[in-house]
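First the structure, in the form of structure tokens, and then the observations on it.
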There are 2 protein chains.
Amino acid sequence: MQRGSFKGMKSLNKSIILTKILNEGPISRAQIAKDTQLTPPTVGSLVKELIDQRIVKESTQGTSKGGRKPTMLVIDQQAYYMIGIDAGPSQIDLILTDLSGKIIANAQHQLLLPITDKQFLTQLIHVTEAMVTDHVKYSDHIIGIGVAMHGVVDANEGESLYAPNLNLRDMPIAEALSNHFSYMVKVENDARALALAETWFGQGKGYDRLVAVNIGTGVGAGVVIEGDLYHGETFIAGEIGHMTIDLNGARCSCGNYGCWQTVISGPSIATRTKQFIKEGMDTSLTDLTDVTAFDVFEAAEAGDTFAQKILTETGYYIGVGLTNLIHTINPSQIILNGGVMKANTYLMPIIKETIAERVLTRAAKDTLVTVSELGDHATALGAVALILVELFAKNGELEL
Amino acid sequence: MQRGSFKGMKSLNKSIILTKILNEGPISRAQIAKDTQLTPPTVGSLVKELIDQRIVKESTQGTSKGGRKPTMLVIDQQAYYMIGIDAGPSQIDLILTDLSGKIIANAQHQLLLPITDKQFLTQLIHVTEAMVTDHVKYSDHIIGIGVAMHGVVDANEGESLYAPNLNLRDMPIAEALSNHFSYMVKVENDARALALAETWFGQGKGYDRLVAVNIGTGVGAGVVIEGDLYHGETFIAGEIGHMTIDLNGARCSCGNYGCWQTVISGPSIATRTKQFIKEGMDTSLTDLTDVTAFDVFEAAEAGDTFAQKILTETGYYIGVGLTNLIHTINPSQIILNGGVMKANTYLMPIIKETIAERVLTRAAKDTLVTVSELGDHATALGAVALILVELFAKNGELEL
DNA sequence: GTAGGTTCTTTAATTAAGTTAACTTACATG
DNA sequence: CATGTAAGTTAACTTAATTAAAGAACCTAC
């Protein structure tokens, strides 16, 4: 437990004010004081510091309510910039954004596999360096680099503990980047970064307890509890792709049987489809060897009722798993993402129906289930949000 | 977010000191200062207040390490007393304890069913009143009443939202007791209270992330995250008895199929046993109609290999479900409780084996899985712990 | 047995930062 | 233009932590 101190008290109040301006700006000092229980002088002096730090700026005058017009405060979106890196299994996606998350520039780089840990870190530094030098006019105003890394990540130490697709272990990513750049560096698991992206830029804004589930080649989730990312004891909280949902189910890549992944992931949809084709189902899908989940989606779009049935079935399985999540973590919101969710028009009705049918209490039926609207650079935006957490929520007391 | 203030800073520091003394006492002021980063004068003055409040007292002198002997501080266990109430589906268990959780007195009362909400509240007040008057010499020193209520509970409002076995809804328990007694009143769901009991008095001491799973007639869990009880959005976090684990499994009381409960609860063990007996298994168990999980346990103890096999199978199912928990919540510790765990000698080896085999990462294999050692009044102790949370962790700034 | 060093605890002065109360600025209205 | 009201600032005050120093109690060594 962190002890109470003057410094801590001040930075807490600064964070509160900053977060208020971010979420509800333009807002006046007086309004902040009313909402936060802080006194006007306290708000005034802390706002002054924030303006000196250039995170906050005064904007227009508000309308008078019978007296002096309030001076509205807003975040100075263009005062600082951040780099977000989505380090996936086969490529690296980089973005440069302002404090509002507006993407100024982006770049993609392929990884040449196989790769050693040294090569990986060198390439990471290299592509980041390129992003900085390509946009020199921002470089003095960059405050941090966020990295969303696939696999198991120790976010405290900024280390990649295990990246299965690269087959690399124990890479000190934060250390490597910190040695090369003067910016703050934060590293997080990609699924968790995605969840953070939703809370900062997506539909998760203002929700304290949410789960962002990614359904693609694999299935993973980021869990936000009481406003903070939740890691668990050994950084595997949210590895729900490997939640057993069918005791007698198909074998999973992890070696177990009946993992959730084995019924809802992209590859599993393809596998199930092939199985049915073999059994002689009536369908327009004929290519037994190369059929993918996307093919199934396209066939469904073209009116193939068999393909539609496959997707409906998948939606049911997703719904069952999400109900398990609701009965365990009981979030206020679940946001779905990933390739499989491209078929959301087929999936969502049955997902919602399944949850409504299976959930235990009436109140839990109201759990919001939506599809992410963040788009292409969602994970990289989550990486950027890692920096925003430090800037806004953590303490507001950074040297800038 | 709560604003920073002098009061808040002080009470936070007081809590830190108090918790330190609780967990590591007898301990000296100097040692507290070293461990907590607080300065000696701060520790000194706050300890003085705690001594004035009679929560803390000076005990023996410690041994000198080359200088003045330290004065050791301990919690004054007998300064205050608490009442813990376990309000189960058919009976009420009350205990009176000191601050260490030592049980001074206990009483059990049957509920006469069916019962109305008014009758229930009246009986609750009545039995509590009896406990107080039967032990008058403690009554002036009682600081609070904790209630562990089965069913869905709104812990913030102190309301029982739904008690399925009594078929009662929306009972204002805290309000009713507060109107009758001058003590602080806290209400919580029973499974969560049990988890709290483990963190305060059981094997969960010092663990920040733990799940206490109760396997009996039903299956439920209390989740502790970052040291706090976790409720979820609508107070159903931890309702893992209804986690679907077998897509094509047996029908559950909740209406779904293949809930975890349907393979590990006491009744499910009996049902499965009957099924096998029908199929002509070789066993000493013959009474097809009335066989219970306890009979299976006894048969196993007597050497019946069929009964042992049933239990082993049950252990496997428990292990699978716990692995799901690890992949979702990733706690440092799981503590098992409830009637079924009486067969722990048969269950535990296979539970641990199953988890070790199925869990994704090496680090997660170290998740501690143990059987509760709290004994009979475990849930009532959890109710008592609700009061301790207020006293120790919440703010240390109560009027005493 | 006493001097010097060490550790524990308390006292006194200082400082950080929030709070209170009063004041200034700026605007609206009659 | 006088009055009232809201926004923001200034100055005095208060709280509670921190710093510095003193005092208390003990140990070891000469």
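To find a chain, count down the sequence lines: A is the first, B the second, and so on, and within it residues start at 1.
- Ring geometry for A/F235 versus A/H231: interplanar angle over 60°, hence perpendicular rather than tilted (30 to 60°).
- Once rounded to the nearest 0.5 Å, the distance linking CG of B/L22 with CD1 of B/I27 reads 11.0 Å.
- One can place NZ of B/K14 at 15 Å from P of D/dT15, the figure rounded to the nearest angstrom.
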Show which side-chain atoms of residues 30-38 of chain A pair as donor or acceptor with protein atoms under 3.5 Å away, not counting sequence neighbours.
| residue | atom | partner | partner atom | Å |
| --- | --- | --- | --- | --- |
| A/Q31 | NE2 | A/D35 | OD1 | 3.0 |
| A/D35 | OD2 | A/K20 | NZ | 3.3 |
| A/T36 | OG1 | A/I32 | O | 2.7 |
| A/T36 | OG1 | A/L38 | N | 3.3 |

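- For A/S45, the side-chain hydrogen bond (donor to acceptor under 3.5 Å, both in side chains) criterion is met by no residue, not counting sequence neighbours.
- Between A/R3 and A/Q31, the residue anchored nearer the 5' end of DNA chain D, judged by the nucleotide with its closest heavy atom, is A/Q31.
- The nearest heavy atom of DNA chain D to A/S5 and to B/F6 marks one nucleotide each, and the one closer to the 5' end goes with B/F6.
- Shown here are the side-chain hydrogen bond (donor to acceptor under 3.5 Å, both in side chains) partners of A/T42, two or more places apart in sequence or in another chain: A/T39.
- Residues from residues 35-42 of chain B that place a heavy atom under 4.0 Å from any atom of DNA chain D, listed by number: B/T39, B/P41, B/T42.
- Scanning DNA chain C 5' to 3' for nucleotides with an atom closer than 4.0 angstrom to a non-hydrogen atom of chain B gives a first and last hit of C/dG5 to C/dT19.
- Here the side chain of B/S332 pairs a donor or acceptor atom with the backbone of B/R209 at under 3.5 angstrom.
- The heavy-atom pair separating A/Y183 from A/I142 by the smallest distance is CD2-O, 3.4 Å.
- How far CD1 of A/I85 is from CG of A/L386: 11.0 Å, rounded to the nearest 0.5 Å.
- To the nearest angstrom, C1' of D/dA6 lies 16 Å from CD1 of A/I32.
- Within 4.0 Å (heavy atoms only), B/K34 reaches sugar-phosphate atoms of the nucleic acid but no base atom.
- B/N330 and A/T234 share a side-chain donor-acceptor pair at under 3.5 Å.
- Residue B/I387 holds its CD1 atom at 14.0 Å from OH of B/Y80, rounded to the nearest 0.5 Å.
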Tabulate protein N/O versus nucleotide N/O from nucleotides 23-25 of chain D, keeping only pairs under 3.5 Å, one per line.
| residue | atom | partner | partner atom | Å |
| --- | --- | --- | --- | --- |
| D/dG23 | N2 | B/R68 | NH1 | 3.1 |
| D/dA25 | N3 | B/R68 | N | 3.2 |

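- Take the nearest nucleotide of DNA chain C for A/S64 and for A/M9: the residue whose nucleotide is more 5' is A/M9.
- Nucleic acid contact class of A/S45 (heavy atoms, under 4.0 Å, all strands): none.
- With rounding to the nearest 0.5 angstrom, the NZ atom of A/K10 is 6.5 Å from the CG atom of A/L46.
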